[in-house]
Amino acid sequence: MRVLFAGTPAVAVPSLDTLVNAGFEVVAVLTRPDAPVGRKRVLTPSPVAQRAADLGIDVIHAARLDAEAIAKISAVQPDVAAIVAYGGLVPPAALGIPRHGWVNLHFSLLPAWRGAAPVQRSVIAGDDVTGAVTFQLEEGLDTGPVFGTLTEAVKPQDTAGDLLERLSHSGAVLLAQTLSAIEAGKASPQPQSGEVSLAPKLTLEDGHLNWTHPALAISRQARGVTPEPGAWTLLDGQRVKLEPVRLRPDVTDLPPGTVSLHGKAVVVGTGSHAVELTRIQPAGKRMMAAADWARGMASLESVVFE
């Protein structure tokens with residue numbers, strides 16, 4: 001079966017590798033154009049484009065599927081298109097090109113968390129279980145019928161990055177299994193059922209911690225925005241980056257945002273009990289252990305995060 005693979009970030013690479021290793025004929029890869037990376041803003045191919053080059057697979061670069069991109073997709077004559085975090089909409093003119101349509105690997109248990117940031121929103125919401133599905137792509141936002149499902153427990157200290165890494169590998173197997181079932185004529189997608197929730201793309205503001213919120217909510221938020229866009233707070237009007245925090249239910253006497261030493265630990269008051277900082281990156285400096293940052297401060301008595 002001739003497969004067009006559409007994907008862009010590193011999380012999509014395991015799916016590409018798995019399809020190739022399973023013997024599918026990946027006739028081309030669709031990915032977004034090279035993007036500036038790092039402080040020097042060097043134009044760099046997407047992780048999927050780099051892997052496709054390693055595998056000797058032709059690459060179609062497209063920020064959106066315009067007439068030119070659609071013509072290129074049609075020219076490779078795919079039987080099916082597999083899509084994993086491509087990062088762009090697939091218009092009706094492209095949906096009908098493969099005879100088996102487009103099969104999307106999505107990292108949530110649809111219809112929960114439809115949208116661009118399902119894993120991040122799941123962690124922020126405090127879900128105990130999430131997962132991944134393969135579904136038939138259609139015009140609606142992640143609304144198509146589901147081919148297959150897998151579940152994954154959310155561990156107490158999981159960041160979105162941790163969880164997405166695991167799902168990228170288990171989901172790759174699910175995608176290969178789904179395409180095999182389609183090829184064998186045994187696939188039977190079922191309509192989605194259950195409560196719908198949305199997972200819009202995270203913005204920088206989603207990482208701004210509100211210290212009046214309960215400690216557990218702050219911990220979930222920090223883990224959900226790690227590694228991107230990252231958790232942060234304001235100190236003297238400047239943005240300070242934070243890595244995920246630890247719960248400290250034994251410290252209950254700090255007002256929200258107030259920073260203090262508790263033994264050797266740097267703790268911050270919240271709307272409930274305190275949280276302990278792990279690592280911190282002040283404006284213009286490197287990421288460092290919270291204890292090292294505290295030692296470099298003249299005093300923590302007047303330090304309040306906003």
List the atom of Leu150, the atom of Ser170, and the distance in Å for their closest heavy-atom pair.
-> CD2-O, 3.4 Å

Atom CG of Leu247 and atom OG of Ser272: how far apart are they, to the nearest 0.5 Å?
-> 8.0 Å

For Leu65 and Ala94 the tightest heavy-atom approach is CD1-CB, 4.1 Å

For Met287, what are the other residues in its hydrophobic cluster, where any two members join if their side-chain heavy atoms are less than 4.5 angstrom apart?
-> none

State, with a plain yes or no, whether a side-chain heavy atom of Leu4 is found less than 4.5 Å away from one of Pro98.
-> no

Could you state whether Val196 and Val133 fall into the same hydrophobic cluster, counting links through intermediate Ile, Leu, Val, Met, Phe, Trp or Tyr residues with side-chain heavy atoms under 4.5 angstrom apart?
-> no

With distance as the sole test, does Glu276 use its side chain to make a donor-acceptor pair with the main-chain N or O of Ala265 at under 3.5 Å?
-> no

Other than Val267, which residues form its hydrophobic cluster under the rule that side-chain heavy atoms must be closer than 4.5 Å?
-> Val251, Leu254

Sequence neighbours excluded, which residues qualify as side chain to side chain donor-acceptor pair (under 3.5 Å) partners of Thr178?
-> Thr134

By side-chain contact (heavy atoms from CB on, under 4.5 Å), Thr278 pairs with (sequence neighbours left out) Glu243, Arg246

Do any pairs count as a side chain to side chain donor-acceptor pair (under 3.5 Å) and have a residue in residues 68-89, sequence neighbours left out, and if so which ones?
-> Asp79-Arg99

Does any non-hydrogen side-chain atom of Ser260 lie less than 4.5 Å from one of Asp253?
-> no

Beyond-backbone contact of Pro118 with His106, side-chain heavy atoms, under 4.5 angstrom | yes

Under 3.5 Å, is there a donor-acceptor pair between the side chain of Gln136 and the main chain of Pro145?
-> no

Between Gln177 and Val173, does a side chain to side chain contact (heavy atoms under 4.5 Å, CB included) hold up when you go through it step by step?
-> CA-CA 6 Å; Gln177 291 171 340; Val173 175; 3.7 Å; yes

With distance as the sole test, does Arg223 use its side chain to make a donor-acceptor pair with the main-chain N or O of Asp158 at under 3.5 Å?
-> yes

Spacing of CG belonging to Leu110 relative to CG belonging to Leu141, to within rounding of 0.5 Å = 9.0 Å

Using a strict 4.0 Å threshold on nitrogen-to-oxygen distance, state whether Arg286 and Asp292 make a salt bridge.
-> no

Residues in side chain to side chain donor-acceptor pair (under 3.5 Å) contact with Arg64, at least two apart in sequence or another chain = none

Return all side-chain donor-acceptor pairs below 3.5 angstrom for residues 232-239, not counting sequence neighbours, or 'none' if the list is empty.
residue	atom	partner	partner atom	Å
Trp232	NE1	Leu204	O	2.8
Thr233	OG1	Trp211	NE1	2.9
Thr233	OG1	Glu306	O	2.8

Does His213 have any ring pair (Phe, Tyr, Trp, His ring centres under 6.0 Å) partners at least two apart in sequence or in another chain, and if so, which?
-> none

Check whether any side-chain heavy atom of Pro78 sits under 4.5 Å from a side-chain heavy atom of His100, and report yes or no.
-> no

Flag side-chain contact, heavy atom, 4.5 Å: Gln120 against Val123 = no

Which pair of non-hydrogen atoms, one from His61 and one from Arg32, has the smallest distance, and what is that distance?
-> CD2-O, 3.7 Å

For the hydrophobic clusters of this structure (ILVMFWY residues joined by side-chain heavy atoms under 4.5 Å, transitively), does one cluster hold both Ile57 and Val84?
-> yes

For Leu43, does the CG atom have more than 12 heavy-atom neighbours from other residues, nucleotides or ligands under 6.0 Å away?
-> yes

Under a single-linkage definition using a 4.5 Å side-chain heavy-atom cutoff for Ile, Leu, Val, Met, Phe, Trp and Tyr, are Val80 and Val76 assigned to the same hydrophobic cluster?
-> no

Any link between Phe24 and Trp102 through a network of hydrophobic side chains (Ile, Leu, Val, Met, Phe, Trp, Tyr) touching at under 4.5 Å?
-> no

Taking all non-hydrogen atoms of both residues, which atom of Gly224 and which atom of Ile124 are closest, and how far apart?
-> CA-CG1, 3.8 Å

Quick one: side chain to side chain donor-acceptor pair (under 3.5 Å) partners of Asp127, sequence neighbours excluded?
-> Trp113, Ser122

Could you note down all residue pairs passing side chain to side chain donor-acceptor pair (under 3.5 Å) where residues 1-14 supplies at least one of them, sequence neighbours left out?
-> Arg2-Glu25, Thr8-Thr31

Does a side-chain heavy-atom distance below 4.5 Å link Phe147 with Ile182?
-> yes

Beyond-backbone contact of Thr270 with Leu216, side-chain heavy atoms, under 4.5 angstrom | no

For Thr159, all residues meeting side chain to side chain donor-acceptor pair (under 3.5 Å), sequence neighbours excluded | Asp162

Roughly how far apart are Glu228 CD and Lys201 NZ, rounded to 0.5 Å?
-> 10.5 Å

Are Thr18 and Leu175 close enough that some pair of their side-chain heavy atoms sits under 4.5 Å apart?
-> no

Do you know the tightest heavy-atom contact between Leu105 and Ala132?
-> CD1-CB, 4.1 Å

Indicate every side-chain donor-acceptor pair of residues 187-195 with a distance under 3.5 Å to a residue at least two apart or in another chain.
residue	atom	partner	partner atom	Å
Ser188	OG	Gln190	NE2	3.1
Gln190	NE2	Ser188	O	3.1
Gln192	OE1	Arg114	NE	3.3
Gln192	OE1	Arg114	NH2	2.9
Gln192	NE2	Asp142	O	2.8
Gln192	NE2	Thr143	O	3.4
Gln192	NE2	Gly144	O	2.8

Rounded to the nearest 0.5 Å, how far does NE2 of His208 lie from CG of Asp206?
-> 12.0 Å

What's the shortest heavy-atom distance between Ala52 and Val29, and which atoms?
-> CB-CG2, 3.9 Å

NE2 (His169) and CG (Asp17) are apart, to the nearest 0.5 Å, by 9.0 Å

Kindly determine whether Leu277 and Val268 satisfy side chain to side chain contact (heavy atoms under 4.5 Å, CB included), including the steps that lead there.
-> CA-CA 7 Å; Leu277 301 184; Val268 186; 3.8 Å; yes

So how far is it from Phe305 CZ to Leu242 CG, rounded to the nearest 0.5 Å?
-> 6.0 Å

Examine Leu19 and Ile83 and state if one hydrophobic cluster contains both, with Ile, Leu, Val, Met, Phe, Trp and Tyr joined whenever side-chain heavy atoms are less than 4.5 Å apart.
-> no

Apply the side chain to side chain contact (heavy atoms under 4.5 Å, CB included) test between Leu30 and each candidate in Val59, Val48, Ile73; give the one that qualifies.
-> Ile73

